[in-house]
Amino acid sequence: MEALIKVRDLTKDYRLTRKREGVTGGLVDLVRPRHELLRAVESVSFDIPAGQMVGYIGANGAGKSTTIKMLTGILTPTSGTVTVGGLVPWKQRLQYTRHIGVVFGQRTQLWWDLAVVESFRLLKKIYEVDDATYERQMKLFDELLEVGKYLHQPVRKLSLGQRMRCDLAAALLHRPRVLFLDEPTIGLDVLAKENVRIFLREICEGEGVTVILTTHDLGDIEQLCKRVIIIDKGRVHFDGKLDDLRRRVGRQVRMTVELRDSATSGELASITAGLPVVWEEIEGLRHHAEFNRVEVPGAEVIKRLVNELRVSDLHMAEPGIDEVVREIYRQSGREAS
Amino acid sequence: MSEFPGKQVNTAILEPWHRTATASVGLYFHFIRLAFLKFLAYRLRYYTGVVSYTVFVSGHYYLYTALFASRVADAQGATIGGLSLSEVITYVAVSWIGRSFYFNNIARDLMRMITEGEIAMQLIKPFHVQTVMMFEAVGESGFRLIMFTLPIMVVIVPLFHIGGPPDSILYLWTFISFCLALVIYSQINFLLGCLAFNMKNIQGVLRAKMVSMDFLTGVVVPFTFFPEWFQRVVEWLPFQGISYIPVTIYLGKRPGDELYAALLLQVAWAVGLFVAGRLVWRISVRHVVVQGG
Ligand SMILES: Nc1ncnc2c1ncn2[C@@H]1O[C@H](COP(=O)(O)OP(=O)(O)OP(=O)(O)O)[C@@H](O)[C@H]1O
Ligand SMILES: [Mg+2]
């Protein structure tokens, strides 16, 4: 199957003006401004088949938003190519934007001074959505996002979470085939985040929408995306399954054990002798064990423990994906140096 | 990529994307309505406008009355720059009434959109930003016509005894001429706004525009008061199509074919500036750097 989104050697340089110091410096700047190039995105390539949800992650300033802006046709790249459904976003902007939905978490695409419903009506016209589809979509948005409550309020009077829900609905009104989300859960509380995730899962999986999503909340990725692309300083550092990422980083897990009878860390260590497990006592009955799952089968640790001791509770914590990402940065740094 | 099987997707998604026709004209008309609604939300602002315009016109009224009295012993029947005192007063009143109709802040809005990065939200939509702004300006002017221009006329016309045009058909031509003025004014503003793509400090441009625009359009002083060379220069500029042409039509200063020639000139400028705006936009957007995000 041919990829829907094809990105090849995508590169974007921003031109920065470096100010000189002092009055004379300012005057010199007027005549001969000093420019400097900042490479925000460097040789990024990937393919995304239709219907896939991809997490595009990286630290602040990594180049995520810049990439999204090029994919949505807002920015023209310095070099490289992008085709989405055969169209070049920044060249065939008018045709292209008909098929995509975009949410920039930091901005709104709703008309600020008008009631929300006016924006929806306008979007209906813009994308030539027929009445039946419009009704169906609005009903769906009301069920999943409860936008019905806000329809007659001016956008400027909505809270961030309410506005974000309306923005998501606005981006999906015309049933786009591709959805670009730049930090769609920024600033939302836990419950609102959960709502947004559920909504995205329902809509996008249900309709086979292709999604690229950037976020700093790795819960978004864990719940929505099987595939992640990690970038740092404009370059792709990892592109693959979330599970592979965890495996590649190594699965450092922490097991919390609660015992019925107290035991020392030394005693526990002797039980797991021969396995690279680090024990730490929290309080008499509670202990932490840290080990790498690739090297140590969790089941083996548990088997030995329950054979020797009376265990009242066991709990295993996976590493958060932010730790995983940090680890990837660290590894790439090591390879580079 | 088979390791990431997408969900069962609608097969239409996999077909090549057709070049779809761009937005229909009907869509753009929707923006007229929206702009109207938007300004309705801020209608209070316009009541103070009625007062300030009346003050402007009164100022000119007393200024010209004094000027005529000092220049000629018998103010009645005397002319300056080819206009009698009552014609000058009418000129001022009609040009400010017109200004209350065609005025908008496209340049400022566009500059703000560009410098603050809001332009991104326009670029992700399948429409021509320039056309949208043009139609929004029409909506705004429709609103101004009812909420601003009409109240001002009700105040100013009786207050300064403003007479009608020599022929009542000129009411119609004056209105049409002001509508063309609206297009010219909007497109000049649009082009100025596009400067923000290339310039860091746009405040200066906006201030220079504020000062020079009303001067060059002939709102502040009739062109005929100026030296010959100045009149010859403004004849080659689009600004006269914003105020000087419609007002002189009202005054009956364009007899016979001169009326149609003036209107045609306005049409030519309107079209020319629109095309120029489209070109400048197309070139600028390629170099746009969107802030934020
Ligand atoms: N308009 C601009 N002009 C100059 N430099 C820019 C501009 N926008 C972004 N940059 C620079 O490009 C780099 C990438 O920025 P980008 O906004 O793509 O990062 P990001 O991954 O989205 O970060 P964040 O997570 O903070 O949103 C940064 O170093 C940033 O300073
Ligand atoms: Mg960003």
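Worth saying up front: this structure is predicted, and the values here are computed from it rather than measured. In what follows, chains are A, B, ... by sequence order, proteins preceding strands, each numbered from 1.
- A heavy-atom distance below 4.5 Å is found between the side chains of H128(B) and L94(A).
- Using a 4.0 Å cut-off between charged side-chain N and carboxylate O, E118(A) and R33(B) make a salt bridge.
- Proximity to chain B is absent for every atom of I68(A), based on heavy atoms less than 4.5 angstrom apart.
- Using a 4.5 Å heavy-atom threshold, the side chains of E128(A) and L27(B) count as separate.
- Proximity to chain B is absent for every atom of F180(A), based on heavy atoms less than 4.5 angstrom apart.
- Residues L114(A) and K38(B) meet the side-chain proximity criterion, which asks for heavy atoms closer than 4.5 Å.
- Residue contact with chain B, scored on non-hydrogen atoms closer than 4.5 Å, is absent for T214(A).
- Within 6.0 Å of the CZ atom in R201(A), the count of heavy atoms belonging to other residues, nucleotides or ligands exceeds 12.
- Between R98(A) and P126(B), the shortest heavy-atom contact is CG-CB, 3.7 Å.
- Taking CG from L123(A) and NE2 from H30(B), the interatomic distance works out to 9.0 Å, rounded to the nearest 0.5 Å.
- Residues T76(A) and R286(B) share a closest heavy-atom pair of OG1-O, 3.1 Å.
- The closest donor-acceptor contact from the side chain of R93(A) to the backbone of L123(B) lies under 3.5 Å.
- Within a 6.0 Å sphere centred on CE of M153(B), heavy atoms belonging to other residues, nucleotides or ligands number 12 at most.
- The minimum heavy-atom distance between F31(B) and I126(A), with the atom names listed, is CZ-CD1, 4.4 Å.
- With a 4.5 angstrom heavy-atom cutoff, R121(A) touches chain B via backbone and side-chain atoms both.
- K125(B) NZ: more than 12 foreign heavy atoms inside a 6.0 Å radius.
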If you apply the rule side chain to side chain contact (heavy atoms under 4.5 Å, CB included), what do you find for M121(B) with V102(A), and how did you get there?
CA-CA 9 Å; M121(B) 303 320 284; V102(A) 185; 5.7 Å; no

Show me the donor-acceptor pairs, under 3.5 Å and distance only, between side chains in residues 133-150 of chain B and residues at least two apart or in other chains.
{"unit_1": "S141(B)", "atom_1": "OG", "unit_2": "F101(B)", "atom_2": "O", "d": "2.7"}
{"unit_1": "S141(B)", "atom_1": "OG", "unit_2": "A137(B)", "atom_2": "O", "d": "3.3"}
{"unit_1": "R144(B)", "atom_1": "NE", "unit_2": "S100(B)", "atom_2": "O", "d": "2.8"}
{"unit_1": "T149(B)", "atom_1": "OG1", "unit_2": "S100(B)", "atom_2": "OG", "d": "3.0"}
{"unit_1": "T149(B)", "atom_1": "OG1", "unit_2": "R144(B)", "atom_2": "O", "d": "3.4"}

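- Other residues, nucleotides and ligands contribute only 12 or fewer heavy atoms inside 6.0 Å of the CZ atom of R282(B).
- For W112(A), no part sits under 4.5 Å from any heavy atom of chain B, backbone or side chain.
- Residue F56(B) places its CZ atom among 12 or fewer non-hydrogen atoms of other residues, nucleotides or ligands, all under 6.0 Å distant.
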